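This report concerns only the one structure given below.
Chain letters run A, B, ... following the sequence lines, proteins first and then strands; every chain starts at 1. Small disclaimer: the values here were computed from a predicted structure and weren't measured. The figures that follow rest on heavy atoms only: side chains count, while hydrogens, waters and symmetry mates do not.
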Number of protein chains: 2
Amino acid sequence: MQKTQFFFIYKIMAFIEHVDLTKRVYEELKKMILEGELKPGEKILQEKIAKQLGISRTPLLKALQMLEYELLVECIPRRGMYVKKLTTREIIDVFYAREVLEGLAARLSAQKISDDQIAQLRGLFEPFLQNTNNISFEAYEKADRRFHIMILKISDSTVLNRLEMIGNVLLIAYQASLVRPPSETLSEHIAIIDAISTRNGDLAERLCRDHISKSRAKLAKEIEIQQSKE
Amino acid sequence: MQKTQFFFIYKIMAFIEHVDLTKRVYEELKKMILEGELKPGEKILQEKIAKQLGISRTPLLKALQMLEYELLVECIPRRGMYVKKLTTREIIDVFYAREVLEGLAARLSAQKISDDQIAQLRGLFEPFLQNTNNISFEAYEKADRRFHIMILKISDSTVLNRLEMIGNVLLIAYQASLVRPPSETLSEHIAIIDAISTRNGDLAERLCRDHISKSRAKLAKEIEIQQSKE
DNA sequence: CTTTTAAATTTTGAATGCAAAAAACACAAT
DNA sequence: ATTGTGTTTTTTGCATTCAAAATTTAAAAG
């Protein structure tokens, strides 16, 4: 049997097994945190969670370390792992980074996007174009988040697609009602898609940056309001 | 004894010990990789390295996982950990990201930089301003790399300062002679410092982007040349 | 009742142990 | 010489174990 044949057999086996404990635990933990089952600031009781998931601390710790890089978990040495409670500064810092990174993603996407992908992007907001003043916020949130992730995917940048924290923080911002309403953002999204699909990378970048810059401004204002209430 | 007093005692203890095996191993491994003691593509023999460093596989694996996020190590499931051999695509992707991220860093730095920090930035290139055509490449490389890292630090962004991969890939680009000569970049560096120290954030961002964009172009060209030689 | 001190319990960071998978080796068959 | 097969060795991923540190609880002193 040849080396190349072995290669394919290994590929298939890796596909079949799918019994990577760390990956499984990573997914479950991420879900638990993002769905609020584990709350920000809460200590992660390793033994307890491990027992709950029917595993040992070894793969749990590996998964927690991954989530640390995604800003979902914080490790305090000799104290333990905690569900990360993002500071306002951190959220704003992520939005500053999103501003330029997703701008870049839009620029690159304009160069590489396929017709199929254009249709996919447009499809996301199709449902909201008719009844502009009767939009389901929940459905729109999903479309919005998918949109931003999809542009990163389309940009096909190995770097941009490693930054899971972008999607996580956008979700967290939604959960904390720190975002702008569809009435403001829908037209911006459409304009970005238009620029990308006409291969106008510079315009796409500028529009995407402005879009997120405005969101960041709103977010900063919203945080200030919330904090003054306390 | 009061709680606050305990707090300080703990702080002091954390400072004294400094015996975090993972951190120590992380530093040593990173050095080994960046100094070429472990070569790109090479398999990391865990048992061997662990014995070499006088530790077990547990902290070694944790350090390796950290280095994975820095693009210095690659994990292939059920095969092992390898010193990452960056593809040309990955290097270019990092430079695209650097372009916008360091642009952002320059913009933010212009808002926050202190007089002391301005002096520090200027000090980096002071030695090269006299004998412009008699520059030690080695010394200049160090200054150049320090400059880019320092701007990230000055920007004081929690996000930008987590992206260790930026510094690593810049070093790797230097090692592979994929960079532009001081005769080109020195004046650009000075212009960026000027823009930052006059608090002109927009200009600083634009100049920094252009600077890295040009470096990326050079890098892409250089890679093409090197590959055509093979 | 509050604070201090001491003892008991839990949790962390790291070493060790171990089954299953992968790689290396040896050798037979084409 | 190359390909295939069976065997041995090594390595991986995970579980387990354990000492040191942190936390909690309990008792004693003010």
Side-chain angles (χ1 to χ4, degrees), chain A residues 1-29 38 41-68 73-84, chain B residues 1-29 38 41-68 73-84:
Chain A
M1 209 182 263
Q2 287 186 334
K3 249 188 180 172
T4 49
Q5 283 178 297
F6 267 121
F7 178 75
F8 283 116
I9 286 172
Y10 288 142
K11 280 267 164 181
I12 290 163
M13 281 165 65
F15 181 78
I16 290 170
E17 54 176 323
H18 198 251
V19 279
D20 183 350
L21 275 204
T22 300
K23 200 167 214 168
R24 209 200 75 200
V25 175
Y26 163 81
E27 302 285 0
E28 300 204 49
L29 269 177
L38 294 169
E42 195 178 328
K43 174 154 186 175
I44 293 165
L45 299 167
Q46 297 171 17
E47 210 64 65
K48 184 187 153 200
I49 300 280
K51 202 170 279 176
Q52 230 177 74
L53 300 177
I55 51 153
S56 80
R57 279 171 61 216
T58 312
L60 174 63
L61 277 167
K62 220 177 150 193
L64 287 170
Q65 202 185 340
M66 292 171 73
L67 294 169
E68 216 188 329
V73 160
E74 186 173 16
C75 175
I76 302 176
R78 279 260 156 234
R79 283 279 133 66
M81 303 290 257
Y82 294 79
V83 179
K84 183 144 181 69
Chain B
M1 212 182 259
Q2 287 187 332
K3 248 187 181 173
T4 49
Q5 282 179 297
F6 268 121
F7 177 75
F8 283 116
I9 286 172
Y10 288 144
K11 280 269 164 180
I12 290 162
M13 280 165 66
F15 180 78
I16 291 170
E17 53 176 324
H18 198 251
V19 278
D20 185 349
L21 275 206
T22 300
K23 199 167 215 167
R24 207 199 77 200
V25 175
Y26 162 83
E27 303 285 1
E28 299 204 47
L29 269 177
L38 293 168
E42 194 178 327
K43 174 154 186 175
I44 293 165
L45 300 166
Q46 297 171 17
E47 210 65 64
K48 185 187 152 200
I49 301 279
K51 200 170 283 176
Q52 231 178 75
L53 300 178
I55 51 151
S56 78
R57 278 172 62 216
T58 312
L60 173 63
L61 277 167
K62 222 177 149 193
L64 286 170
Q65 200 185 340
M66 292 171 74
L67 293 169
E68 216 188 329
V73 160
E74 186 173 16
C75 175
I76 302 177
R78 279 256 155 237
R79 283 280 131 68
M81 303 291 256
Y82 295 79
V83 179
K84 184 143 180 70

If every non-hydrogen atom of [X] is compared with every non-hydrogen atom of [Y], which pair is closest and at what distance?
X     : Y     : answer
B:L29 : B:L38 : CD2-CD1, 4.0 Å
B:K43 : B:R79 : NZ-O, 2.7 Å
A:Q65 : B:M66 : NE2-CG, 3.2 Å
A:P77 : A:C75 : CD-O, 3.7 Å

So which of residues 43-58 of chain A are in contact with DNA chain C, with a heavy-atom cut-off of under 4.0 Å? A:K43, A:L45, A:Q46, A:R57
Give the rounded distance in Å between these two atoms: [atom1] of [X] and [atom2] of [N].
X     : N      : atom1 : atom2 : answer
A:L60 : C:dT11 : CG    : C1'   : 13 Å
A:L21 : D:dT12 : CG    : P     : 17 Å
B:K62 : C:dA14 : NZ    : P     : 6 Å
B:D20 : D:dA21 : CG    : C1'   : 14 Å
A:L61 : D:dC14 : CG    : P     : 12 Å
A:Y82 : C:dT11 : OH    : C1'   : 10 Å
B:K23 : C:dG13 : NZ    : P     : 13 Å
B:R78 : D:dT10 : CZ    : C1'   : 13 Å

Salt bridge or not between A:R24 and A:E28? Use side-chain N to carboxylate O under 4.0 Å. yes
Using modelled atom types and a 3.5 Å cut-off, is there a donor and acceptor pairing between side-chain atoms of A:K62 and backbone atoms of A:V25? no
Which listed nucleotide (D:dA15, D:dA22, C:dA15) is nearest to the side chain of A:R79? D:dA22
Indicate whether OP1 or OP2 belonging to C:dG13 is found under 4.0 Å from a side-chain N or O atom of B:T22. no
